[in-house]
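In what follows, a single structure is set out as structure tokens and then discussed.
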Amino acid sequence: MSIVPLEANLWWQKNNPAGAVLNRLMLLFIFAPIGLVIKEYYALSVVVFAFMVPYGFLMRRLAMKAVRNHLESHPEEIEAFEKQGIISW
């Protein structure tokens, strides 16, 4: 079984409050560096911006783990996840 990361992230964001909050925090990685540049904290802006990519990979990994855990708890939903394109064989 392989999990499609983008679809897993969308499912996690819609069906889990933690997923929604953690995905919304990604906006901080976009807007915080802009604010820091305006305040002339250039080095700090680069550091915050640099952490955006690892945070994105972390979100992808957490979403895939959430799908796996959900399917372990609810194996009857495997067919629905296949129809939605979240998993494939």
Side-chain angles (χ1 to χ4, degrees):
M1 170 176 73
S2 81
I3 299 172
V4 179
L6 179 62
E7 296 296 326
N9 192 28
L10 291 173
W11 175 85
W12 187 46
Q13 189 173 0
K14 289 179 184 175
N15 296 306
N16 192 330
V21 170
L22 290 173
N23 276 294
R24 300 267 186 229
L25 286 176
M26 183 63 89
L27 294 174
L28 285 177
F29 285 103
I30 297 168
F31 294 115
I34 294 170
L36 290 170
V37 166
I38 291 170
K39 294 283 189 178
E40 298 180 2
Y41 294 115
Y42 302 113
L44 188 57
S45 172
V46 170
V47 170
V48 171
F49 191 73
F51 278 109
M52 181 170 47
V53 172
Y55 187 77
F57 285 132
L58 175 67
M59 290 300 96
R60 183 173 90 172
R61 185 176 177 146
L62 290 174
M64 292 171 62
K65 193 174 217 177
V67 168
R68 274 192 207 103
N69 288 340
H70 182 77
L71 289 177
E72 286 176 6
S73 301
H74 306 284
E76 69 277 359
E77 294 185 17
I78 289 176
E79 188 175 311
F81 275 57
E82 282 184 80
K83 287 180 183 176
Q84 294 174 2
I86 298 171
I87 61 171
S88 62
W89 293 99

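Neither Tyr41 nor Val46 shares a network with the other; the hydrophobic side chains, linked directly or stepwise wherever heavy atoms of I, L, V, M, F, W or Y lie under 4.5 Å apart, form separate groups for each. In the hydrophobic clustering of ILVMFWY residues, with side-chain heavy atoms under 4.5 Å counting as a link, Leu44 and Phe49 come out together.
Applying the side chain to side chain donor-acceptor pair (under 3.5 Å) test to residues at least two apart or on different chains, none of the pairs has a partner in residues 25-34. Applying the side chain to side chain donor-acceptor pair (under 3.5 Å) definition to pairs two or more places apart or across chains, those involving residues 1-15 are Ser2-Ser88, Asn9-Asn23. Within the structure, salt bridge (Lys or Arg N to Asp or Glu O under 4.0 Å) contacts touching residues 53-79 (residues at least two apart or in different chains) are Glu79-Lys83.
Taking CD1 of Ile87 as the start and CE of Met1 as the end, the distance is 5.5 Å to the nearest 0.5 Å. In this structure, CG in Leu6 is found 11.5 Å from CE in Met64, a value given to the nearest 0.5 Å. The distance from the CG atom of Leu10 to the CD1 atom of Ile86 is 8.5 Å, given to the nearest 0.5 Å. Taken to the nearest 0.5 Å, the CG atom of Asn16 stands 10.0 Å off from the CG atom of Leu62.
Partners of Tyr55 by ring-ring contact (aromatic ring centres under 6.0 Å, His included), not counting sequence neighbours, listed by chain and number: Phe29. Legend: residues meeting side chain to side chain contact (heavy atoms under 4.5 Å, CB included) with Ile34, ordered by chain and number and at least two apart, are Phe31, Ile38. Legend: residues meeting side chain to side chain contact (heavy atoms under 4.5 Å, CB included) with Val37, ordered by chain and number and at least two apart, are Tyr42, Ser45.
If you chain together ILVMFWY residues whose side-chain heavy atoms come under 4.5 Å of each other, Val53 ends up grouped with Phe57. Side-chain contacts under 4.5 Å among hydrophobic residues (ILVMFWY), followed directly or transitively, place Val4 with no other residue at all.
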